[in-house]
Amino acid sequence: PLASNDVHFAAGREKLMVVLSGQRLLQRWSLKTFEREKVVPLPGKATVLKALMGCNSSGPLVLWSGGPVELWDVQAMKPIEPKGKRVGGRNQWNPTLNISANGQAVIWSHAGLSPSAFSLMRITRGNTTTVLLGGLATSSFALLNTDASLVFSHGLRQGIFNGNWQAIPAQKLNQSGLIPTEDPRFFLAVSRTNDGKNSAVSFCIASSCRSVFTLNNLKPLSTSASSGQIGTA
């Protein structure tokens with residue numbers, strides 16, 4: 001039970017992190033025992049707007065409150081003070097943030113600002129490095145594969161790029177909904193069948209960006225712009 005709907009949460013490999021914004025509390029729950037392990041107060045007065053954590057990671061927890069993102073040590077339940085530039089910005093331009101499954105990279109863009117660009121932040125031993133990727137006035141959001149070696153851009157400039165924003169030729173996949181997996185060697189591509197009535201899901205190899213196996217004639221599927229989830233429409 002929750003005291004209010006003003007809640008943000010993120011899950012890693014073994015922990016669930018819950019942000020109670022109204023009460024200014026951060027909770028850590030075990031995904032093995034489903035019990036609450038620790039609660040700490042959130043410092044400052046800024047309201048947390050987004051919480052991210054790599055789904056196949058032990059942290060860090062990434063919190064965004066309208067400025068540069070903040071990193072938290074999940075085990076110690078304390079903020080990390082990294083050296084280096086962090087991604088972030090104002091809330092008015094509809095920012096989108098996505099994190100790699102290993103929790104070591106975050107991609108950021110302003111969907112409501114044109115021209116815009118993606119910023120890619122990598123986290124190494126608690127410190128951050130951030131690079132500005134190519135101009136993306138026609139792209140709405142991007143997802144990272146597990147180790148951030150690939151960027152899946154969605155929008156008018158849809159396609160597969162490497163970490164330096166160089167396009168990777170994959171014409172048969174570029175019009176599909178591209179979704180990372182926990183294993184960096186693979187990703188999924190969701191597309192409509194030729195008749196447009198059903199969907200197909202292809203299992204793809206990351207090193208060559210080609211499909212190796214396809215499930216056809218599935219019920220219509222949709223992809224979520226914010227999380228890369230797939231599900232029945």
Side-chain angles (χ1 to χ4, degrees), residues 11-13 52-57 87 96-109 111 115-124 129-233:
R13 186 169 51 242
L52 300 171
M53 190 174 171
C55 65
N56 195 31
S57 78
V87 295
T96 61
L97 297 85
N98 283 299
I99 192 169
S100 59
N102 68 1
Q104 300 302 298
V106 175
I107 194 161
W108 163 285
S109 70
S116 184
F118 287 140
S119 294
L120 178 60
M121 182 184 77
R122 297 184 184 274
I123 305 168
T124 306
T129 57
T130 300
V131 296
L132 188 67
L133 302 183
L136 297 166
T138 57
S139 294
S140 56
F141 73 100
L143 301 173
L144 299 169
N145 74 332
T146 296
D147 59 4
S149 60
L150 295 178
V151 180
F152 303 133
S153 174
H154 293 254
L156 293 179
R157 194 180 182 190
Q158 188 159 315
I160 306 173
F161 299 81
N162 64 19
N164 296 316
W165 197 244
Q166 296 172 327
I168 297 175
Q171 293 182 355
K172 293 183 178 181
L173 300 177
N174 283 345
Q175 298 306 313
S176 302
L178 303 172
I179 300 171
T181 64
E182 292 182 1
D183 191 322
R185 297 173 297 173
F186 308 101
F187 63 92
L188 303 179
V190 180
S191 61
R192 288 295 178 93
T193 54
N194 292 332
D195 59 12
K197 296 180 180 180
N198 295 301
S199 293
V201 175
S202 296
F203 296 79
C204 306
I205 296 177
S207 59
S208 60
C209 291
R210 64 181 180 88
S211 170
V212 293
F213 180 75
T214 300
L215 293 174
N216 290 299
N217 298 318
L218 301 175
K219 292 182 179 181
L221 298 170
S222 62
T223 58
S224 167
S226 60
S227 64
Q229 301 288 329
I230 61 173
T232 55

Fill in: Shortest non-hydrogen separation from I160 to F187 and the atoms involved
CD1-CZ, 3.9 Å
Worksheet item: For the atom pair CD1 (I107) and CZ (F152), what is the distance rounded to the nearest 0.5 Å?
Response: 11.0 Å
Worksheet entry | Which atom of T181 lies closest to which atom of L188, heavy atoms considered | CG2-CG, 4.0 Å
Worksheet, complete the sentence: On a heavy-atom basis, the closest approach of N56 and R13 is O-NH1, 2.6 Å
Fill in: Min side-chain heavy-atom separation V151-L144 under 4.5 Å
yes
Response to the item:
Heavy-atom closest pair (A105 atom, A148 atom, distance to 0.1 Å) is CB-CB, 3.5 Å
Practice prompt. Return the minimal non-hydrogen interatomic distance between E182 and A101, and the atom names on each side.
Written response: CA-CB, 4.4 Å
Fill in: Test item: I99 and L97 side chains (from C-beta on) under 4.5 Å apart, heavy atoms
no
Practice prompt. For N162 and N164, indicate whether the former's side chain and the latter's backbone hold a donor-acceptor pair under 3.5 Å.
Written response: yes
Worksheet item: What distance separates L132 CG from W165 CH2, expressed to the nearest 0.5 Å?
Response: 11.0 Å
Fill in: 4.5 Å side-chain heavy-atom contact, R185 and I205
no
Worksheet entry | Candidate pair L143 and L178, rule side-chain contact (heavy atoms from CB on, under 4.5 Å), full reasoning | CA-CA 8 Å; L143 301 173; L178 303 172; over 6 Å; no
Worksheet item: To the nearest 0.5 Å, what is the distance between CD1 (I123) and OG (S100)?
Response: 7.5 Å
Worksheet item: Is the F213 ring parallel, tilted or perpendicular to the F203 ring (thresholds 30°, 60°)?
Response: tilted
Worksheet item: If you take all heavy atoms of C204 and S211, which pair is closest and at what distance?
Response: SG-CA, 4.0 Å
Worksheet item: Are N216 and T214 close enough that a side-chain donor and a side-chain acceptor fall under 3.5 Å?
Response: no
Worksheet item: Looking only at atom types and distance, does a side-chain atom of S119 sit under 3.5 Å from a main-chain N or O of V87, one as donor and one as acceptor?
Response: no
Worksheet item: Does any donor atom in the side chain of S149 or D147 lie under 3.5 Å from an acceptor atom in the other side chain?
Response: yes
